[in-house]
Asks: 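Let me give you the structure first, and then I'll get to my questions.
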Amino acid sequence: MSESNVKRVRLLALAVLALAVSMVLVACGGGGIDEGSDNSDVTTATGGDPQGSLKISNWPLYIDGATIKDFQNDTGINTTYTEDVNDNNEFFGKVQQQLAQGDSGGRDIIVVTDWMAEKMYNLGYIQNLDKAKLPTVEKNLIPSLQSPSFDPERKYSVPWQSGMTGLVVRKDLAPDVKSINDLFDPKYKGKVTLLTEMRDTVPLVMAADGVDPKEATTQDWLDAIDKIKENVDNGQIRRFTGNDFVQDLAKGDVVAAIGWSGDAVQAQSDNENIEYVQPEQGCSIWSDNMLIPVGAPNPAAAYKFMNYVYEPENQAQITKYVNYVSPVKGVREILEKQDPAIANNNLIFPSEQFTKNCFAQVSPPGDEAAQQEVEQAFQDVVTG
Amino acid sequence: MEGVTKKFGDFTAVSEMDLDIADGEFFTMLGPSGCGKTTTLRMVAGFEQPTTGKVLIDGTDVAGQPAYKRPTNTVFQSYALFPHMTLEENVGFGLKRKKVPKAEIKQRVANELERVGLSREAKRKPNQLSGGQQQRVALARALVNLPKVLLLDEPLGALDLKLRKGLQVQLKQIQRDVGITFVYVTHDQEEALTMSDRIAVMNEGRIEQCADPETVYDRPATTFVAGFIGVSNLMPAEVKGSNEIQVVNGPLVPTPDAAKYSGGEKCFAVVRPEKLTVSLPENAPSDQPGVDGIVESSLYLGTSTQMAVRVTEDVMMTVLVPNASEDARQHLPGGGAKVRLNWLPEHMHLVAESESATAATDPTPTEKVTEGVN
Amino acid sequence: MTIRRRLIPYWLLAPGLIWLVLFFVIPMYYMGELSLKTGSLETGYQLTWAFENYTDSISEYSTQFIRAFWYAGVATFFCLLIGYPLAYAIAFKAGRWKNLMLFAVVAPFFTTYLIRTIAWKTILDDSSPVVSFLKTIHLVPQDGRVLATSAAVIAGLTYNFLPFMVLPLFTALERLDQRLLEAGKDLYASATQTFWRITLPLTMPGIIAGILLTFIPAAGDYVNATFLGGTNQAMIGNVIQSKYLVVNDYPDAAALSFTLMAIILVALLFYIKFAGSEALMGEEEETR
Ligand SMILES: Nc1ncnc2c1ncn2[C@@H]1O[C@H](COP(=O)(O)OP(=O)(O)O)[C@@H](O)[C@H]1O
Ligand SMILES: [Mg+2]
């Protein structure tokens with residue numbers, strides 16, 4: 001009995017290991033990443049059947065319930081709308097191998113943040129847009145979003161919604177937090193969180209120390225990361241978060257955080273003590289963008305959808321629901337009549353004054369490899 | 001044991017049991033499966049507490065004493081050897097718990113394994129042994145502790161017939177050598193008869209009879225005992241005065257047994273099959289009591305022939321006729337023949353109807369037998 | 001005919017073998033190869049036998065390795081400490097509640113791992129009754145916290161992997177022959193001695209299985225550290241995840257995974273060889 005038990009346990013151990021290993025491996029994938037890729041031969045998205053079907057991948061809670069139905073009724077395009085983008089990196093990990101082989105997984109539109117759009121484009125995973133097919137977008141895109149640094153001519157990206165990264169605080173518990181540097185005030189030790197996304201967190205820290213993020217050198221980035229590390233090691237910073245920063249704030253475990261304006265608006269409706277505070281040295285403005293990936297089966301339908309959501313009436317419907325900054329002209333005018341509270345909310349329709357110090361979200365200087373190095377330095381702090 | 005009763009919920013497994021077992025005795029509890037033998041044993045060992053009544057060992061009430069503090073050891077029905085220990089470790093387990101010095105443990109374990117003939121296997125694990133060997137280890141593991149009482153619960157039950165016979169002899173031998181009181185449980189009447197000094201026959205939680213093997217066999221106290229010990233030839237009878245009975249549809253037979261009953265009482269007359277003679281009615285000895293019947297079947301058993309004879313509608317008698325010679329056998333009456341069965345009055349014995357079989361019968365005789373014991 | 005018959009066992013083995021090759025050998029090969037490559041997503045990856053991927057990443061992340069094994073070890077210890085009495089109670093004392101209790105043990109599996117872990121944020125948050133209680137009995141300092149500490153990560157691991165400990169223990173205990181325990185008592189062993197001498201050694205296979213099933217996934221876990229941990233509490237799983245998903249340093253991620261696997265495998269073999277098999281045999285000190 002005992003000897004066979006030993007054998008049995010050994011077998012069990014092996015089976016468990018095999019399972020563990022294969023899970024890790026399935027997660028990490030195997031092939032498909034050997035080939036380098038670049039954007040030297042980017043195609044322009046053409047063709048497709050304007051009456052065919054359309055498949056969109058977007059973030060959760062990023063559209064109201066009616067728009068897709070209305071779009072289908074108006075155009076007759078059978079639309080599959082999937083909320084399978086939870087995180088830029090995770091989504092990239094999920095689709096990267098397919099895209100590297102020119103397969104979009106049937107998706108015609110994907111929505112990712114500026115820097116991820118740029119990264120995917122540079123890897124040759126994204127097609128250029130045919131501007132002639134986007135008259136409504138051309139006409140209604142607000143001027144401030146017309147030439148971002150990552151895609152100055154909006155060759156391949158169309159903003160979906162925009163938002164600001166700044167301070168989100170409990171005004172009852174930390175009323176005097178006005179600047180990013182106030183996060184490092186010892187009296188808030190262990191009650192402060194930062195975002196795990198480097199491009200959200202690091203530029204704000206640099207700006208607080210008087211460095212212009214748009215001009216920042218690699219060394220500026222690394223210095224800011226060092227400063228963050230100091231505050232991690234001395235216990236000032238409780239943890240790095242994603243969307244969950246609002247829950248920590250709601251419970252009061254955290255009194256001030258770097259966070260996103262849209263989440264702040266939503267959280268505020270549940271707990272009025274949560275408030276978005278524009279950092280004295282400015283905020284970071286970013287967009288999530290609609291892109292047409294390589295291998296998209298139906299670009300014609302994708303163009304139709306982009307034009308459709310750029311109609312102010314249709315956009316107003318989305319904005320009312322998601323509470324982010326809308327990239328479409330004329331929406332505010334419509335909402336002023338329908339829902340003045342939204343129309344006058346600085347986080348949804350920010351005034352020039354409100355965003356005067358803000359900057360478009362930036363990446364570290366240099367090529368992908370140089371950026372990766374900075375990213376690694378930051379991740380070493382996050383997973384220290 | 002004094003007035004011991006054990007109930008599981010509403011169910012009475014052992015009822016009002018009085019039992020006195022002598023020092024150094026080989027005592028057997030015999031009865032059909034489910035009659036409460038194991039339960040009785042477990043109460044002695046301390047695995048169950050009696051619902052009422054007392055268990056005394058060496059004159060001290062052991063109530064409330066946990067099993068591990070009692071001077072008893074058990075050989076379990078399934079052996080219950082520790083599979084993760086060698087034989088040596090199994091046998092030494094109890095001594096070690098009693099903090100016997102190491103050298104002594106070693107010596108006693110070796111002796112005990114020697115006694116059961118397993119010295120060479122000392123370093124093996126139980127699963128490397130045959131059933132008979134495991135049984136002997138279980139015995140050694142219990143005996144090595146020199147308990148006041150050794151409890152054995154159907155220790156040979158799982159073994160085949162031949163092995164069982166051999167071990168019966170060994171077991172009896174060992175008991176004589178060590179002189180420890182054995183309380184032995186079995187449902188095999190032959191085993192009980194060959195090994196025991198005394199036997200308690202149990203039925204439905206009660207003791208029907210408690211006596212030495214000869215008495216139990218020749219003079220069963222109740223119909224149940226008669227039935228359980230070998231083949232029963234039960235003839236309904238009525239007591240006629242202090243020294244005579246009237247067999248129903250049969251003769252008037254003188255017997256001293258009748259003195260135990262009052263006149264007019266119903267009872268059964270028992271005659272063992274080998275004590276009956278069979279003959280054609282015309283040749284029957286006239287000086288012996290007898291009954292008439294019809295041969296239903298006849299079975300050749302080698303040394304004897306077993307005949308079934310129907311006496312009345314519900315009385316069947318079994319007769320064992322020794323096969324003295326081929327010739328004698330050839331002349332036995334065949335099926336359908338009218339025959340007479342005769343016996344000597346001293347071979348007849350009266351039994352009361354078992355209490356449990358027919359609750360209406362007067363329980364006094366049974367009770368008397370139980371109390372009469374030691 | 002005979003040949004065909006002789007082949008039958010191999011045919012029966014085939015599905016298992018195919019599974020093994022498909023999900024173990026091939027990915028293992030790819031991952032091993034990847035871990036020795038250099039390059040980036042744009043340039044592609046070339047096999048350069050870059051063993052420095054191993055040496056560098058091990059020395060760079062030894063803290064997280066050690067931390068992972070430390071957290072997983074402590075969590076496994078607590079799982080055993082909580083799981084054994086629990087499994088014992090379910091196996092022997094639960095009576096007709098047995099099935100219900102077993103169900104309760106596996107019930108958490110009906111919600112996603114992530115949700116379960118996030119639920120613990122509420123249980124352990126700074127103003128929760130649990131934490132207030134811990135503060136009143138001075139297990140946590142007045143200005144201290146539980147969430148975003150090592151204790152929270154270990155608590156989360158313990159909670160999440162407890163069923164993996166309880167189930168094999170329950171099976172082992174349930175299979176335990178009750179008569180052996182009576183035999184122990186009969187041979188003068190008190191309840192405690194019976195437990196240590198008989199119950200424990202005989203349930204050792206369950207204990208070993210439980211420890212393996214708990215420790216191995218716990219050592220590679222990153223979810224608990226992500227949600228319940230604070231800064232400087234990342235486990236090696238978090239590093240691998242970030243290397244893979246965020247930095248896209250696939251060779252390093254593969255090298256780290258391989259190292260984790262190798263360490264666990266070696267530790268496992270040692271464990272089974274020494275602690276494991278001996279405990280399995282239930283070796284008493286010699287009687288001689
Ligand atoms: N723990 C128990 N709970 C309920 N009933 C029991 C228990 N143990 C024994 N019994 C019942 O008591 C009766 C006697 O059992 P037992 O002593 O094992 O019989 P034996 O050993 O003579 O075959 C049986 O009917 C059995 O079902
Ligand atoms: Mg029994």
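From a predicted model like this one, the values you see are computed outputs, not experimental measurements. The basis for the numbers below is simple: all heavy atoms, side chains too, and nothing from hydrogens, waters or symmetry mates. Numbers restart at 1 for each chain; the letters A, B, ... are given by sequence-line order, proteins then strands.
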Asks: C/Glu182: which residues meet the side chain to side chain donor-acceptor pair (under 3.5 Å) condition with it, sequence neighbours left out?
Replies: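 With sequence neighbours excluded, C/Glu182 shows a side chain to side chain donor-acceptor pair (under 3.5 Å) to B/Arg42, given in chain and number order.
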Asks: Please determine whether the number of non-hydrogen atoms from other residues, nucleotides or ligands lying under 6.0 Å from atom OH of C/Tyr159 exceeds 12.
Replies: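 More than 12 within 6.0 Å, yes.
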Asks: Might you point out which heavy atoms bring B/Phe93 and C/Ala189 nearest each other, and give the distance in Å?
Replies: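 Here B/Phe93 and C/Ala189 meet closest at CE2-CB, 3.8 Å.
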Asks: If the condition is side chain to side chain contact (heavy atoms under 4.5 Å, CB included), which residues does B/Lys37 pass it with, not counting sequence neighbours?
Replies: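 By the side chain to side chain contact (heavy atoms under 4.5 Å, CB included) rule, B/Lys37 matches B/Cys35, B/Glu154, B/Val185, B/His187, B/Met202.
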Asks: Just checking B/Asp160: does its CG atom have more than 12 heavy atoms from other residues, nucleotides or ligands closer to it than 6.0 angstrom?
Replies: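 Enclosed.
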Asks: Might you confirm whether atom CZ of C/Phe133 has over 12 heavy atoms from other residues, nucleotides or ligands at distances under 6.0 Å?
Replies: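 No, not enclosed.
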Asks: Enumerate the residue pairs fulfilling side-chain hydrogen bond (donor to acceptor under 3.5 Å, both in side chains) with a member in residues 86-103 of chain C, sequence neighbours excluded, ordered by first and then second residue.
Replies: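 Sorted pair list: C/Lys98-C/Glu174.
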Asks: Just verifying a value: how many Å separate B/Tyr79 OH and C/Leu180 CG, rounded to the nearest 0.5 Å?
Replies: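 Reported value, rounded in 0.5 Å steps: 14.0 Å.
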Asks: Counting only N and O atoms by type, is there a donor-acceptor contact under 3.5 Å from the side chain of C/Asp186 to the main-chain atoms of B/Ala67?
Replies: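 Checked: no pair found.
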Asks: Might you confirm whether atom NZ of B/Lys98 has over 12 heavy atoms from other residues, nucleotides or ligands at distances under 6.0 Å?
Replies: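 Yes, NZ of B/Lys98 has more than 12 neighbouring heavy atoms, counting only those of other groups under 6.0 Å.
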Asks: Please give me the minimum heavy-atom distance between C/Ala183 and B/Phe76, naming the atom from each residue.
Replies: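 Heavy atoms of C/Ala183 and B/Phe76 come nearest at CA-CE1, 3.5 Å.
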Asks: Show the nearest heavy-atom pair for residues B/Ala80 and C/Arg179, with the distance to one decimal.
Replies: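 In this case the closest contact between B/Ala80 and C/Arg179 is CB-O, 3.8 Å.
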Asks: Check whether any side-chain heavy atom of C/Tyr188 lies under 4.5 Å from a side-chain heavy atom of B/Asn73, and answer yes or no.
Replies: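 Yes, their side chains come closer than 4.5 Å.
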Asks: Which atoms of B/Leu81 come close to chain C, meaning under 4.5 Å heavy atom to heavy atom: side chain ones, backbone ones, both, or neither?
Replies: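 Contact with chain C: backbone only.
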Asks: When rounded to the nearest 0.5 angstrom, what distance separates CD in C/Gln178 from CZ in B/Phe47?
Replies: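 Reported to 0.5 Å precision, the distance equals 12.0 Å.
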Asks: Around atom CZ of C/Phe77, are there more than 12 heavy atoms from other residues, nucleotides or ligands closer than 6.0 Å?
Replies: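 Incorrect, the count does not exceed 12.
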Asks: Drop me the distance from C/Ile198's CD1 to B/His84's NE2, to the nearest 0.5 angstrom.
Replies: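 Rounded to the nearest 0.5 Å, the CD1-NE2 separation comes to 6.0 Å.
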Asks: Indicate the atoms forming the closest heavy-atom contact of C/Arg197 with B/Met85, along with that distance.
Replies: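 Nearest pair, atom of C/Arg197 first, then B/Met85: O-CE, 3.7 Å.
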Asks: Which residues in residues 128-143 of chain B have any heavy atom closer than 4.5 Å to a heavy atom of chain C?
Replies: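 Against chain C, the residues of residues 128-143 of chain B that fall inside the cut-off (heavy atoms, under 4.5 Å) are B/Arg141.
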